[in-house]
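Input: a single structure, listed below in structure tokens.
Chain letters run A, B, ... following the sequence lines, proteins first and then strands; every chain starts at 1.
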There are 2 protein chains.
Amino acid sequence: MRWDEIDSQVCSIARTLSIIGDKWTMLILRDCFLGVTRFSDFQKSLGITKHRLSDRLGKLVDAEILKKHIYDESYRRHEYKLTKKGIELYPVLMSLVSWGDKWTADKDGAPLEYIHQPCGHKINAGAACEHCDGAVSAFTVTPILGPGIMKKVKRGELVDFDSQEMYTSIKQKSN
Amino acid sequence: MRWDEIDSQVCSIARTLSIIGDKWTMLILRDCFLGVTRFSDFQKSLGITKHRLSDRLGKLVDAEILKKHIYDESYRRHEYKLTKKGIELYPVLMSLVSWGDKWTADKDGAPLEYIHQPCGHKINAGAACEHCDGAVSAFTVTPILGPGIMKKVKRGELVDFDSQEMYTSIKQKSN
DNA sequence: GAATTAAGGTTCCATAATGGAACTCAAAAA
DNA sequence: TTTTTGAGTTCCATTATGGAACCTTAATTC
């Protein structure tokens, strides 16, 4: 079976992966959840080639996971924003984060941590807040810089880390 | 940036995807959680070519997500079993299922449903049981056949559906 | 007001990943 | 003795990807 036939399987996982199971697509979505909206910002953050990014964004728009909005008529420039369908992919991303934090993190710890707004505590597990058991969604969580970034910044590493600007803007939002 | 450099990103999602972000790997893991252990069963269920399956299983073993056990010394035949590290990928799979059930299911509904053993109810959301709010893990859930399979079977479709045997064995386990 | 820059792409080509089919190998069954 | 089965490998044609260069429109800079 070729991969482009995989969505014919009677399986929600196969059908989901036929849409977002591409190598780059999940990282594009990660950036979306962190507030990235413009073509050039995705490209800087990911280091993906332009034609590949163009193709992937187009497919996400086709799948109605992202929507293209024009934000400057004279420039004809747009931003890509998550739809409701896209926002609901949040638990997928969060569960990847949880697993990655536990099993792939370097000695510095998690690069980002996630705060559950209703209760103010860090989220540890897949899609439930350890502290209050409340439901977790993209709207109730704020990302903050975690030790995995902070320690490296303090040590002067990450100087030409392309995503640093992004993380700085996150930090400001969370202050 | 090439994909094989992606694990250098300071991001748990990127590092996780560098291990399991491959097109087929998640589907192999899906089968693992459904109880598939043998090379030929993976191949039948997935329709993946043998050399690709061989490569992917090898990488999962290298990543310590699967462990190879010999189950028949004279035949030199083995089975692939999830390690603790692998079992903890369960929330990732469950969140893909939830999203897929909601956004990609056909009119028949979800192909499989998941029962939370402690309370006996279906799981709806990412990683929490709707009914009792208890924690969800691979050990406390039993898959049963959902309407998306059952209705097709009743209509006589799926006759040469390769995975049918697998689903039948699931059904028996859950009876 | 000519040249440069920026956003958001597209085109071209060489390299890498993948699918399909055929082949291997060892042991058991017919 | 031949065939079958599990678990792979090898070979080759097709497809996907990365890198670099190019394009277009509008704005800025010299």
Please state how far atom [atom1] in [X] lies from atom [atom2] in [N], giving the value in whole angstrom units.
| X | N | atom1 | atom2 | result |
| --- | --- | --- | --- | --- |
| A:Phe42 | C:dG9 | CZ | C1' | 15 Å |
| A:Gln43 | C:dT10 | CD | C1' | 13 Å |
| B:Leu46 | C:dT18 | CG | P | 14 Å |
| B:Lys50 | C:dA21 | NZ | C1' | 11 Å |
| A:Arg38 | C:dG9 | CZ | C1' | 16 Å |
| B:Leu27 | C:dG19 | CG | P | 12 Å |
| B:Leu53 | D:dG6 | CG | C1' | 12 Å |

Closest-nucleotide ordering on DNA chain C, the 5'-leading residue of A:Phe39 and B:Asp4: A:Phe39
Backbone N/O of B:Leu96 and side chain of A:Thr16: donor-acceptor pair under 3.5 Å: yes
For a quick test of reading the model: is some side-chain N or O of [X] closer than 4.0 Å to OP1 or OP2 of [N]?
| X | N | result |
| --- | --- | --- |
| A:Lys68 | C:dG9 | yes |
| B:Ser54 | D:dT9 | yes |
| A:His78 | C:dG9 | yes |

Results of side-chain contact (heavy atoms from CB on, under 4.5 Å) for A:Glu5 - residues two or more places apart only: A:Met1, A:Arg2
Residues that A:Thr25 engages under side-chain contact (heavy atoms from CB on, under 4.5 Å), provided they are two or more places apart: A:Ile20, A:Asp22, A:Leu29, A:Arg56, A:Leu60
Residues which pass side-chain hydrogen bond (donor to acceptor under 3.5 Å, both in side chains) with B:Trp103, listed by chain and number, not counting sequence neighbours: A:Glu88
B:Glu64: partners by side-chain hydrogen bond (donor to acceptor under 3.5 Å, both in side chains), with sequence neighbours left out: none
Show each protein N/O and nucleotides 17-19 of chain D N/O combination with a separation under 3.5 Å, one pair to a line.
from	atom 1	to	atom 2	distance (Å)
D:dT17	OP2	A:Arg52	NH1	3.3
D:dT17	OP2	A:Arg56	NH2	2.7
D:dG18	OP1	A:Trp24	NE1	3.4
D:dG18	OP2	A:Trp24	NE1	3.4
D:dG18	N7	A:His51	NE2	3.0
D:dG18	O6	A:His51	NE2	3.4
D:dG19	OP2	B:Met1	N	3.2
D:dG19	O6	A:His51	NE2	2.9

Results of salt bridge (charged side-chain N to carboxylate O under 4.0 Å, His left out) for B:Lys68 - residues two or more places apart only: none
B:Val92 side chain near B:Met26 side chain, heavy-atom distance below 4.5 Å: yes
Sugar-phosphate, base or nothing in reach of A:Tyr80, heavy atoms under 4.0 Å: sugar-phosphate
